Amino acid sequence: MHTQEFFKLAWETYTNTSPQAAHIHNLIRCEGEQVINDHIAYRTLSHSHINMEKIINYFKDHGYKQKGDYHFETKKLSAVHLEHPRQYPKIFISEYDINNLTPDSQDICHEFLEEVTSFSLSDLLLQKRNWSLSFENYQKLKEESEYVSWVASLGLIPNHFTIAVNQLKRFNTLEKIIEFLKVHKIEFNQVGGEIKGTEKAYLRQASTLAEKRKIMFSDGEYEIPTCYYEFAQRFKINTGEYFQGFLENSADKIFESTYEK
Ligand code: NI
């Protein structure tokens, strides 16, 4: 699949799961702005069928190069970011080490992950969860890790897209875009402050709260947090180029955009 086609479908998957993202995108475009993606984030688990290495290789096949790597000790997560030499957005991939789960929860994960072998990675990245999961098991996983329950319930679809705030004309700071979207009743993640990061650290970020939507489980339909939209304002480093990395402290708080209040 051509990279451009992949991102078009990824956006469709993301906005089908969270229509609020399409609404936000339209609100900004209606102000005459062109929306550019800073990065797209994926979440996965440390299981050979879907691990971070597989997703990294998928994007490398699309011309991406691996750049930074990150660690989130308390959340048991590691992450990398990849950059494309040309026009495509950065990719941020995080992975939870399932060895930290209790044996019961590991069994739940192994059970549904046995079902994914018949799918290609592009199927997995572009289709909502292709495995069966009960709401009961979702809740069990959630008690141990909100992150794991998110992947188990939604699969490997984009967790968030991120608007490059620098590229906007009228709303070129986080304060301006947040103020505009709040008028339209959009709620933001307040964990660690509404705006995370600083100009000194060359990156400031903010994100909406994940939209709650009804998702089908094997024992019924339940409303759960799905995807959120992020905003990144980057600053220039000594070389005169924009900082392209991520800040562990900020990302750590942004992961909590899918937590229920
Ligand atoms: Ni992000």
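In this text, all values refer to a predicted model and were calculated from it rather than measured experimentally. In each ligand, atom 1 is the first atom listed, and ligand 1 is the first ligand listed.
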| field | Under 2.8 Å: N/O/S of Asp38 next to the Ni ion (ligand 1) | value | no

| request: Using the six-membered ring wherever Trp is involved, compare the ring planes of His47 and His110 and label them parallel, tilted or perpendicular (cut-offs 30° and 60°). | output: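 Plane angle between 30° and 60°, so tilted.
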
| said: Using a strict threshold of under 4.0 Å (side-chain N to carboxylate O), is an ion pair present between Glu95 and Lys76? | reply: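 Salt bridge flag = no for Glu95 with Lys76.
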
| Crowded around Glu179 CD? As in, over 12 foreign heavy atoms under 6.0 Å? | no

| field | Nearest to the Ni ion (ligand 1) - the N/O/S atom of His160, by atom name | value | NE2

| Going by atom types alone, do Asp38 and Thr162 pair a side-chain donor with an acceptor below 3.5 Å? | no

| request: Work out the angle at the Ni ion (ligand 1) between NE2 of His39 and OE2 of Glu230, rounded to 10°. | output: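 Between NE2 of His39 and OE2 of Glu230, the angle at the Ni ion (ligand 1) is about 80°.
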
